[in-house]
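Here's the structure, in structure tokens; my notes come after.
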Amino acid sequence: QIQKELLGERLVVDVVDAANLERKVDERTAELRDTADERREDVRLFVDLLNSLNRSQSRSELLRDCLAMVGARFGAARVSYVCSLTSGQYTSWPDAAAAPDLPPAWVRLVAEGITSILPDRAYVPVQTSDLSRGLLCLYFDRPVELSVQTHGVLRALGLQMGIAMENLEALDGLLRPQWEDYFLKAL
């Protein structure tokens, strides 16, 4: 009789352990699915940024598209880009004229390539390998917790935006002399 009771108790413990293990597996599977979904969104963002570069005719058009995509991807209420090369000129999304709320040391963040992530905002330097161009600013309506991997994605985004601007300027530099020659000959 005692052995049957012990066996019964052990079965109850095993059933509870199995249920707990199943719950843990389900939770971990959901976490992995969410992470995979985020990474797919990140890849889609970078592909869309490259497509925007191909479509854009100007730096302002490129920035307008990029800011909207970044805002949508990260759920930001507002996104701004501040140019450090033009004494702080800026553009924002969704309202292009909305002035960004900059930290006092924003020029240092850009110059030193420092990404600053706060609960309700993120500041990301926009740069290429040899030139610091400006600061990408994301503002959230509520405090958010961005994963370490998302911090890396934001840094990569700052580099990609810098490279996209550099490429657009290089194309403009190549095409401008041709158009100037064309118009001068037409006169």
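Atoms considered below: every heavy atom in the structure, side chains included; atoms not considered: hydrogens, waters and symmetry mates.
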Would you name the heavy atoms of [X] and [Y] that are closest together and state the gap between them?
| X | Y | answer |
| --- | --- | --- |
| Gly134 | Val110 | O-CG2, 3.5 Å |
| Phe46 | Leu157 | CZ-N, 3.7 Å |
| Tyr139 | Ser80 | CE1-OG, 4.1 Å |
| Leu136 | Met161 | CD2-SD, 3.9 Å |
| Trp93 | Leu67 | CB-CB, 3.7 Å |
| Arg55 | Glu61 | O-OE2, 3.8 Å |

Say you draw a straight line from [atom1] of [X] to [atom2] of [Y]; how long is it, rounded to the nearest 0.5 Å?
| X | Y | atom1 | atom2 | result |
| --- | --- | --- | --- | --- |
| Leu49 | Asp65 | CG | CG | 9.0 Å |
| Leu168 | Ser52 | CG | OG | 9.0 Å |
| Cys83 | Leu63 | SG | CG | 8.5 Å |
| Ser60 | Gln89 | OG | CD | 11.0 Å |
| Leu154 | Asp42 | CG | CG | 8.5 Å |
| Asn51 | Arg44 | CG | CZ | 12.5 Å |

- Pair Glu31 + Arg28, salt bridge at N-O below 4.0 Å: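 Salt bridge flag = yes for Arg28 with Glu31.
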Transitively linked via ILVMFWY side-chain contacts under 4.5 Å: [X] with [Y]?
| X | Y | answer |
| --- | --- | --- |
| Tyr81 | Tyr123 | no |
| Tyr90 | Met69 | no |
| Val82 | Val124 | no |
| Ile114 | Leu118 | yes |
| Val107 | Leu135 | yes |

- Message: I'd like to know whether Gln127 forms a side-chain contact (heavy atoms from CB on, under 4.5 Å) with Leu159, so could you lay out the CA-CA distance, the side-chain angles of the two residues, the decisive distance to 0.1 Å, and finally the verdict.
- Response: CA-CA 5 Å; Gln127 58 194 121; Leu159 289 170; 3.7 Å; yes
Flag side-chain contact, heavy atom, 4.5 Å: [X] against [Y]:
| X | Y | answer |
| --- | --- | --- |
| Asp48 | Arg73 | no |
| His151 | Thr115 | no |
| Arg142 | Asp120 | no |
| Glu166 | Arg133 | yes |

- Task: In sequence, state the C-alpha distance, the side-chain angles, and the governing distance for Gln160 and Thr128, and then conclude on side-chain contact (heavy atoms from CB on, under 4.5 Å).
- Result: CA-CA 8 Å; Gln160 187 63 45; Thr128 59; over 6 Å; no
- Message: For Glu145, I'd like to know if atom CD has over 12 heavy atoms of other residues, nucleotides or ligands within 6.0 Å.
- Response: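 No, the 6.0 Å shell around CD holds no more than 12 heavy atoms from other groups.
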